[in-house]
Amino acid sequence: MSVKPGTAVSLYTEDCFGGRVRDVTDLPSVVCEFPYLNPVTGPFHIEGAEPGDTLAVHFVSITPARDWAVSSTFPHFGALTSTHTTATLQPPLDEVVWRYDVDADAGIVRYHARRGDFSVEMPLDPMHGTAGVAPAAFETRMTIVPDVHGGNLDTPELRAGVTAYFGVNVPGALFALGDGHCRQGDGEVCGTGIEAAMNTVVIFDVVKGVFTPTPRFETDDALMSAGSARPLEDAYRMSQHDLVTWTAALTGLDQLDAYQLVSQAGTAPVGNVCDPNYTMLAKLAKKYLGTATAYEGTHARLRNFGS
């Protein structure tokens, strides 16, 4: 789909299993076909977006499309099991599916233990795990891989009200979106969130002549930089480096002064710790930045447009 900057788009995304896992008896290894997992909606060609620009995507709303969602464990996937890159002599985890009740009107999701009678309600906090543009240099990446183009970042920070910024690598940017979660803990420790189909409204815009080196997010209250790499400390360093240099550029501070400010006032939300690259965020409250404004006020403009 070709979209003009400043346009709001209402779209549907299927869950990471392509809608095939609908009950606890639907094991992903049986009903899904690798590598056809983590589908995305798109790509969207944003008119006028050229390499060297920044694509701004404001998330107006993210709403579960069904009254149920699922999660699972997999053999050799997740943060607390052996994988092909961290091989250990132990049995693989069981493949187990959990089905969650989703009550959007009440704003809750309901967890049910599979091996017991325990049940508990949790607040609904919809987000998108996968969002990004086409990589540079004609490279093809699976949607499960996060990197500087975006991808499967799996950060709960990518919720409604956020403006995401991606550096444009190809004409039109070619933005795609998917992997909705009703909620997800930091790290996505078991490898899946509460996976759900979503109805989402976004607004696209282009910041001309300004390149964004790694995905960035902006809310009314904070700025965030994402880093995706292995090992996890390199993802941490990437996110912190970008936030420090971004802070210095916005405020005019010396780089070491910005380093000191971020060191004492910043936080570090965890994205995924399971995918081919891990993801970390560096986050700084805007109240520590004085009068500095990111991307010439793009977030505030798109937020007001969306409302």
Original post:
Considering only heavy atoms from C-beta outward, does the side chain of Asn169 approach that of Phe211 to under 4.5 Å?
Top reply: yes
Subject >> Shortest non-hydrogen contact from Gly180 toward Met198 >> reply: CA-CG, 3.8 Å
Subject >> ILVMFWY network linking Ile62 to Leu302, side-chain heavy atoms under 4.5 angstrom >> reply: no
Original post:
So, do Thr192 and Phe74 sit near enough that their side-chain heavy atoms are less than 4.5 Å apart?
Top reply: yes
Original post:
Under 3.5 Å, side chain of Thr88 to main-chain N/O of Gln90, donor-acceptor pair present?
Top reply: no
Original post:
Is there side-chain contact between Thr200 and Thr41, with at least one heavy-atom pair below 4.5 Å?
Top reply: no
Original post:
Would you call Glu218-Arg216 a salt bridge at under 4.0 Å N-O?
Top reply: no
Original post:
Is any side-chain N of the basic residue among Asp53 and Lys208 closer than 4.0 Å to the acidic one's carboxylate O?
Top reply: yes
**OP:** Compare every heavy atom of Pro269 with every heavy atom of Glu157, then report the nearest pair and how far apart it is.
**Re:** OE2-CG, 3.7 Å
Original post:
Apart from Met238 itself, which Ile, Leu, Val, Met, Phe, Trp or Tyr residues share its cluster (side-chain heavy atoms under 4.5 Å, direct or through members)?
Top reply: Val148
**OP:** Would you mind listing every salt bridge (charged side-chain N to carboxylate O under 4.0 Å, His left out) that reaches into residues 170-190, with sequence neighbours excluded?
**Re:** none
Subject >> side-chain contact (heavy atoms from CB on, under 4.5 Å) evaluation trace for Leu281 with Lys283 >> reply: CA-CA 6 Å; Leu281 266 66; Lys283 184 175 182 178; 5.7 Å; no
Original post:
Which heavy-atom pair separates Tyr111 from Met122 by the least distance, and what is that distance?
Top reply: CB-CE, 3.9 Å
Original post:
Going through the checks in order, is the side-chain contact (heavy atoms from CB on, under 4.5 Å) test met by Leu177 and Val57?
Top reply: CA-CA 11 Å; Leu177 180 68; Val57 185; over 6 Å; no
**OP:** Just jot down the ring pair (Phe, Tyr, Trp, His ring centres under 6.0 Å) partners of Phe44, sequence neighbours excluded, or say none.
**Re:** Phe204
Subject >> Under 3.5 Å side-chain donor-acceptor pair for Asn152 and Thr130 >> reply: yes
Subject >> Side-chain heavy-atom pair Val97, Pro28 within 4.5 angstrom cut-off >> reply: yes
Original post:
Do other residues, nucleotides or ligands put more than 12 heavy atoms under 6.0 Å from Glu296 CD?
Top reply: no
Original post:
Got a donor-acceptor contact below 3.5 angstrom from the Thr214 side chain to the Ala226 backbone?
Top reply: yes
**OP:** State, without any angle test, whether Thr212 and Tyr295 hold a side-chain donor-acceptor pair at a distance under 3.5 Å.
**Re:** yes
**OP:** Kindly work out whether a path of hydrophobic side-chain contacts (I/L/V/M/F/W/Y, heavy atoms less than 4.5 Å apart) joins Leu153 to Val273.
**Re:** no
Subject >> Minimum heavy-atom distance Phe17-Asp15, with the two atoms named >> reply: N-OD1, 2.8 Å
Original post:
Looking at Ala164 and Phe59, what are the two nearest heavy atoms and their distance?
Top reply: CB-CE1, 4.2 Å
Subject >> Heavy-atom donor-acceptor pair, Asp242 side chain to Ser239 backbone, under 3.5 Å >> reply: no
Original post:
Can you check whether Tyr165's main-chain N or O pairs, donor with acceptor, with Thr54's side chain at less than 3.5 Å?
Top reply: no
Original post:
Does Leu124 reach the side chain of Pro64, with side-chain heavy atoms less than 4.5 Å apart?
Top reply: yes
Original post:
In the single-linkage hydrophobic clustering (I, L, V, M, F, W, Y; side-chain heavy atoms under 4.5 Å), do Phe77 and Leu27 co-cluster?
Top reply: yes
Original post:
Apart from Ile108 itself, which Ile, Leu, Val, Met, Phe, Trp or Tyr residues share its cluster (side-chain heavy atoms under 4.5 Å, direct or through members)?
Top reply: none
Original post:
Are there more than 12 heavy atoms of other residues, nucleotides or ligands under 6.0 Å from atom NE2 of His45?
Top reply: yes
Subject >> Glu121 vs Val109 side-chain heavy atoms within contact, under 4.5 Å >> reply: no
Original post:
Between Leu11 and Leu174, is there a shared hydrophobic cluster once you connect ILVMFWY residues whose side-chain heavy atoms come closer than 4.5 Å?
Top reply: no
Original post:
Between the main-chain N or O of Arg22 and the side-chain N or O of Arg99, is there a donor-acceptor pair closer than 3.5 Å?
Top reply: yes
Subject >> Audit row: Asp205, Arg301, side-chain contact (heavy atoms from CB on, under 4.5 Å) steps and yes/no >> reply: CA-CA 10 Å; Asp205 207 355; Arg301 179 166 47 80; 2.6 Å; yes
**OP:** Decide side-chain hydrogen bond (donor to acceptor under 3.5 Å, both in side chains) for Ser228 and Thr279; before the verdict, give the C-alpha distance in whole Å, the side-chain angles of both, and the deciding distance to 0.1 Å.
**Re:** CA-CA 4 Å; Ser228 296; Thr279 299; 2.9 Å; yes
Original post:
Taking the side chain from His181 and the backbone from Ile194, do they hold a donor-acceptor pair closer than 3.5 Å?
Top reply: no
Subject >> Ion pair check, Asp94 and Arg115, cut-off under 4.0 Å >> reply: yes
Original post:
Just checking, is any N or O donor in the side chain of Thr63 or Asn199 under 3.5 Å from an acceptor N or O on the other one?
Top reply: no
Subject >> All ring pair (Phe, Tyr, Trp, His ring centres under 6.0 Å) counterparts of His149, not counting sequence neighbours >> reply: none
Original post:
Hey, does the side chain of Asn277 reach the backbone of Val145 with a donor-acceptor pair shorter than 3.5 angstrom?
Top reply: no
Original post:
With distance as the sole test, does Asp275 use its side chain to make a donor-acceptor pair with the main-chain N or O of Tyr278 at under 3.5 Å?
Top reply: no
Subject >> Contacts of type side-chain contact (heavy atoms from CB on, under 4.5 Å), residue Val162, not counting sequence neighbours >> reply: Leu158, Arg159, Phe217, Thr219
**OP:** Using only heavy-atom distances, determine whether the side chains of Glu95 and Ser72 contain a donor-acceptor pair under 3.5 Å.
**Re:** no
**OP:** Give the intermediate values and the outcome of side-chain contact (heavy atoms from CB on, under 4.5 Å) for residues Tyr100 and Cys182.
**Re:** CA-CA 9 Å; Tyr100 286 77; Cys182 288; over 6 Å; no
Original post:
Are Val210 and Val206 connected, step by step, through hydrophobic side chains (Ile, Leu, Val, Met, Phe, Trp, Tyr) whose heavy atoms are closer than 4.5 Å?
Top reply: no
**OP:** Taking the side chain as every heavy atom from C-beta outward, state whether Leu289 and Leu284 have any atom pair closer than 4.5 Å.
**Re:** yes
Subject >> Backbone of Ala258 reached by a side-chain donor or acceptor of Gln260 within 3.5 Å >> reply: no
**OP:** Indicate yes or no: at least one non-hydrogen side-chain atom of Arg114 is less than 4.5 angstrom from one of Thr73.
**Re:** no
Subject >> Backbone of Ala197 reached by a side-chain donor or acceptor of Thr13 within 3.5 Å >> reply: no
Original post:
Are Arg20 and Glu14 ion-paired here, with the side-chain N under 4.0 Å from a carboxylate O?
Top reply: no
